[in-house]
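Quick notes on the structure that follows.
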Amino acid sequence: MILLNIDGITKKFGALAAVDNFSCDVIKGECHALIGPNGAGKTTTFNMIAGYLRPTKGKIFFNGENIAGLKPHVIARKGIARTFQIRVLFDSLSVLENMMAACHLKSSSVFIDMVFQTRHSHEENKRLEQLSLELLEIVGLSDFSEVPAGTLGHVAQGKLGLGMALAMEPQVLLLDEPVSGMTPSETEEMLHLIKQTLQRGITVLLVEHNMKAVMSVADRITVLDFGQKIAEGAPNDIINNPDVIKAYLGE
């Protein structure tokens, strides 16, 4: 089943086409990697899917609905969450408070409940705290729940970012460079969490430069170069594709 259909999207900045007539299908339950050299258009594509950029032209269908141009919070509520290469955290808040903030985005409490601290609001806060603790357990941060998020190391921040994205209960998770800057052992730890995410039935669209990591987790790979798709297929087909080798290594 095609969960996400990217249909001929283009994004121009002035005369420059950062992404040019790009199409791709993401199958439900798979890990689909989007790779390419620096400046290929990968993050621009992510930002169009997540609503941070409006396509110059083209459509993006999620569950059959064209979401191109919708606001990020609307797209998130529909079931697409993303992480960032640069971790977006509330540094002064604890790890648990960061997770609860993410959970509140899916909360059933309305503004009037929160202002007047109604019984419903108190019950909802207890539910969200319990959910946050469960998510911290999933990503291996239970022992850090009271630690200020800004003091976490690189790997722990990556785990927290993943947990906060999972708090949105997404159908599709967009992971932007999840193992960037990690050691081999740290990379294996993060890849294990990604595989656990897939086992939870969440579809993953991944941007990553670490090709060993991509090959170990991706079901399918799409390759971008200068904003255009140059190859797509299974990992073994991609790694031996002459156009891909040329894009990474030159003539």
Side-chain angles (χ1 to χ4, degrees), residues 1-13 17-36 40-85 88 101-111 124 128 131 135 161-178 194 196-208 217-224 227-229 232-233:
M1 173 186 170
I2 296 173
L3 188 57
L4 184 65
N5 167 236
I6 303 166
D7 183 16
I9 58 172
T10 293
K11 181 60 185 178
K12 290 187 176 181
F13 298 97
V19 176
D20 187 11
N21 195 32
F22 174 66
S23 296
C24 177
D25 291 334
V26 177
I27 307 300
K28 184 176 181 180
E30 287 191 343
C31 177
H32 193 128
L34 186 61
I35 69 171
K42 305 180 297 295
T43 298
T44 300
T45 299
F46 256 35
N47 284 336
M48 285 190 281
I49 296 170
Y52 294 95
L53 290 174
R54 179 185 291 271
T56 305
K57 67 176 183 179
K59 299 177 180 179
I60 302 169
F61 294 97
F62 176 56
N63 283 323
E65 176 187 359
N66 184 15
I67 61 170
L70 296 181
K71 298 293 185 182
H73 71 277
V74 175
I75 291 174
R77 284 186 176 275
K78 288 182 181 295
I80 298 179
R82 76 160 292 179
T83 63
F84 292 83
Q85 184 177 0
V88 180
C103 289
H104 265 291
L105 296 174
K106 292 288 287 186
S107 171
S108 61
S109 286
V110 296
F111 181 73
E124 185 68 358
L128 294 180
L131 174 60
L135 288 167
L162 176 60
M164 291 173 70
L166 292 177
M168 295 299 299
E169 300 175 357
Q171 295 179 55
V172 176
L173 180 59
L174 309 179
L175 295 179
D176 191 2
E177 300 278 6
I194 294 172
Q196 285 185 318
T197 298
L198 290 163
Q199 291 169 1
R200 292 165 65 89
I202 298 171
T203 302
V204 172
L205 183 57
L206 169 73
V207 164
E208 181 54 61
V217 75
D219 297 294
R220 294 171 68 226
I221 299 173
T222 298
V223 187
L224 275 169
Q228 296 184 327
K229 181 166 73 174
E232 186 171 270

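Not one N or O on the side chain of Asn66 forms a donor-acceptor pair closer than 3.5 Å with the backbone of Phe61. Using modelled atom types, one side-chain atom of Arg220 and one backbone atom of Asp25 make a donor-acceptor pair closer than 3.5 Å. Looking only at distances, no side-chain donor or acceptor of Thr44 sits under 3.5 Å from a matching main-chain atom of Val19. Without hydrogens or angle criteria, Lys42 side chain to Leu224 main chain gives no donor-acceptor distance under 3.5 Å. Looking only at distances, a side-chain donor or acceptor of Thr10 sits under 3.5 Å from a matching main-chain atom of Asn21. Of the possible polar contacts, one joining the Lys11 side chain to the Arg54 backbone as a donor-acceptor pair under 3.5 Å is found.
The structure places CG of Leu162 at 9.5 Å from CG of Leu135, a figure rounded to the nearest 0.5 Å. The line from CG of Asp20 to NZ of Lys12 is 7.5 Å long, rounded to the nearest 0.5 Å. The CZ atom of Arg200 sits 6.0 Å away from atom CG of Leu166, with the distance rounded to the nearest 0.5 Å. To the nearest 0.5 Å, the span separating CD1 on Ile67 from CD1 on Ile49 amounts to 7.5 Å. Once rounded to the nearest 0.5 Å, the distance linking CZ of Arg82 with CG of Leu205 reads 10.0 Å. Rounded to the nearest 0.5 angstrom, Lys229 NZ and Thr222 OG1 are separated by 5.5 Å.
Proximity of Phe62 to Leu3: side-chain heavy atoms (C-beta onward) are separated by under 4.5 Å at one or more points. The shortest distance between side-chain heavy atoms of Cys31 and Leu206 falls below 4.5 Å. Using a 4.5 Å cut-off on side-chain heavy atoms (C-beta onward), Thr45 and Val207 make no contact. Looking at heavy atoms from C-beta onward, Phe13 lies in side-chain contact with Leu53 at the 4.5 angstrom threshold.
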### Working for side chain to side chain contact (heavy atoms under 4.5 Å, CB included), residues Leu4 and Ile80
CA-CA 10 Å; Leu4 184 65; Ile80 298 179; 4.2 Å; yes
### Query
Does the pair Ile2 and Ile27 meet the rule for a side chain to side chain contact (heavy atoms under 4.5 Å, CB included), with working shown?
CA-CA 5 Å; Ile2 296 173; Ile27 307 300; 3.8 Å; yes
### Task
Would you check, one step at a time, whether the test side chain to side chain contact (heavy atoms under 4.5 Å, CB included) holds for Ser23 with Asp7?
CA-CA 5 Å; Ser23 296; Asp7 183 16; 4.1 Å; yes
